Amino acid sequence: MGNAGGVFHLRDGAVVAVDSAGSPGVEVLLLSSGRVSVEDWNAALVESVEAGSLQAALVARGHLGPDEIQAVAMTAIQDGAFAVAAGDVERCVVEDNADEPLLPSADGVAPEVLLSDTAGRLDVVASLPVPLSPYLDRVVAAPGAEPSTAERREIIALATGRRSARDMAFATGRSLHSVTVEISRMLGEELLEIAPPATAFSFSHWGLPSLRPRTETGQTSGKELHWTTTPWPPNCGSFEKTSPE
C-alpha cells in the first residue's frame, strides 16, 4: 500500500499481473491505444463467461491474437512495478483471496527478474538529462515546438500544463515509463517546458513524491524520495498477512 501503490498477483511463485493507480493496466493499454474498441471490450466481457477467459473472448472476436494480448499483459506487469517503485511504499499486505486479474500473463515473471527489470527502469529515469517526476511535474508545449513523430505530436497536444506523465500515459494508452522518458527527452530538446504554478493545477495526484525533488533551494521536505538515498527494494514500512477465516 502507498502512493501510488499497487497489487502484485502471484501464481505458483510468478508475478502474473500488477495493478497500480499510477500506470495504465491492460484494459487502458488496449482501449486508449485503439487496439480494442469499447464495444468489443464490453462484448468480450460478456462472452468471457461462456468462453472461460477474457483473452479467449477477445481472440474469438478476431481483432487480437493471443501473443499480442500476452505482450500487453507483460507490459502492464513491468510498468505497474515501475509505478509502485516510483512512488512511496507505506506497507505490504499479503492476501490469499485476492480477486483474479482480468488478463493475467500466462507464464508470469519471476519476482527476482521483475525486481531487476524495475531497478533498471528506475536507473534509466534517474539518468535522464532533465529530472522528471511522473506524478508531480506537469508540462506545457514550448512556443513554436514542432515535434517530428506522431507520438511526440500527441504529447504536445496533451501538454496543456495540467497533465503529468501519468495523465498522458492513461490518455494515450502508452506505458508510464516510456512516456516519462519521452517527456524528459522533449524537455531536453526544448519542445516542452515544466509548467509554472500559475498554469498547473495546485494539487498533485495523491501527494505522490517526486523521484528527484525539483526545488530551487536544493532542500526537500524530507518526505520525498531521492534517487541517492531511497533504498531498493523500497522499505514497505510495515508488513501484515491476511487470510480467509
Side-chain angles (χ1 to χ4, degrees), residues 1-30 35-36 44-45 48-49 51-60 64-126 134 166 169 173-178 180-181 208 211 225 227 230-245:
M1 297 182 180
N3 292 319
V7 177
F8 289 73
H9 300 268
L10 287 93
R11 180 187 302 154
D12 298 326
V15 181
V16 296
V18 178
D19 301 323
S20 174
S23 64
V26 178
E27 179 179 355
V28 176
L29 291 174
L30 291 174
R35 292 185 181 95
V36 177
L45 286 174
S48 66
V49 177
S53 76
L54 179 56
Q55 174 171 309
L58 287 169
V59 171
L64 292 171
D67 290 344
E68 185 175 1
I69 293 175
Q70 284 299 300
V72 174
M74 184 56 65
T75 296
I77 289 175
Q78 295 168 332
D79 205 43
F82 168 75
V84 172
D88 183 25
V89 180
E90 297 171 357
R91 64 190 180 102
C92 301
V93 178
V94 177
E95 295 184 350
D96 296 328
N97 58 344
D99 294 336
E100 279 289 313
L102 285 176
L103 285 172
S105 169
D107 299 324
V109 57
E112 60 271 19
V113 174
L114 183 60
L115 185 67
S116 176
D117 174 83
T118 303
R121 290 169 184 261
L122 290 170
D123 287 342
V124 168
V125 177
R166 174 201 176 271
R174 296 167 58 191
S175 71
L176 175 69
H177 182 262
S178 65
T180 300
V181 170
L208 288 167
L211 290 176
L225 295 180
W227 282 117
T230 300
W232 178 253
N235 183 358
C236 287
S238 62
F239 176 88
E240 62 184 81
K241 185 180 189 299
T242 64
S243 60
E245 297 180 358

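The structure displayed is predicted, hence computed values, not measured ones.
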Counting N and O atoms only, with roles assigned by atom type, does the side chain of T75 sit under 3.5 Å from a partner on the main chain of A71, one being a donor and the other an acceptor? yes

Closest non-hydrogen atoms of L29 and V72, given as atom of the first, atom of the second and distance, are CB-CG1, 3.8 Å

Interatomic distance, CG@N3 vs CD@E90, rounded to 0.5 Å, equals 5.5 Å

Restricting to non-hydrogen atoms, name the atom on A44 and the atom on L58 that form the minimum distance, rounded to 0.1 Å. CB-CD2, 3.6 Å

Shortest non-hydrogen pair, T118 vs A85, comes out as CG2-CB, 3.7 Å

If you compare all heavy atoms of P101 against all heavy atoms of P104, which two are closest, and at what distance to 0.1 Å? O-CD, 3.5 Å

Pairs of donor and acceptor atoms involving the side chains of residues 10-26, under 3.5 Å and at least two apart or interchain, shall be tabulated with distances.
unit_1	atom_1	unit_2	atom_2	d
R11	NH2	E100	OE1	3.1
D19	OD2	H9	NE2	2.8
S20	OG	G5	O	2.7
S20	OG	G22	N	3.1

So the side-chain hydrogen bond (donor to acceptor under 3.5 Å, both in side chains) pairs with at least one residue in residues 64-74 (sequence neighbours excluded) are Q55-Q70

Would you compute the distance between atom OG1 of T180 and atom CZ of R121 and round it to the nearest 0.5 angstrom? 11.0 Å

So do L30 and L64 actually touch side chain to side chain, heavy atoms under 4.5 Å? yes

Separation of H177 NE2 from F82 CZ (nearest 0.5 Å): 5.0 Å

Take E27 and L103 through the side-chain contact (heavy atoms from CB on, under 4.5 Å) test and state the conclusion after the steps. CA-CA 8 Å; E27 179 179 355; L103 285 172; over 6 Å; no

Measure the spacing between CG of L114 and CZ of F8 and express it to the nearest 0.5 Å. 6.0 Å

Closest non-hydrogen contact found for L176 with P134 is CD1-CB, 3.8 Å

Treating S53 as the side-chain partner and A56 as the backbone partner, does any N or O pair qualify as donor plus acceptor under 3.5 Å? yes

Would you say S178's side chain and S175's backbone share a donor-acceptor pair under 3.5 angstrom? yes

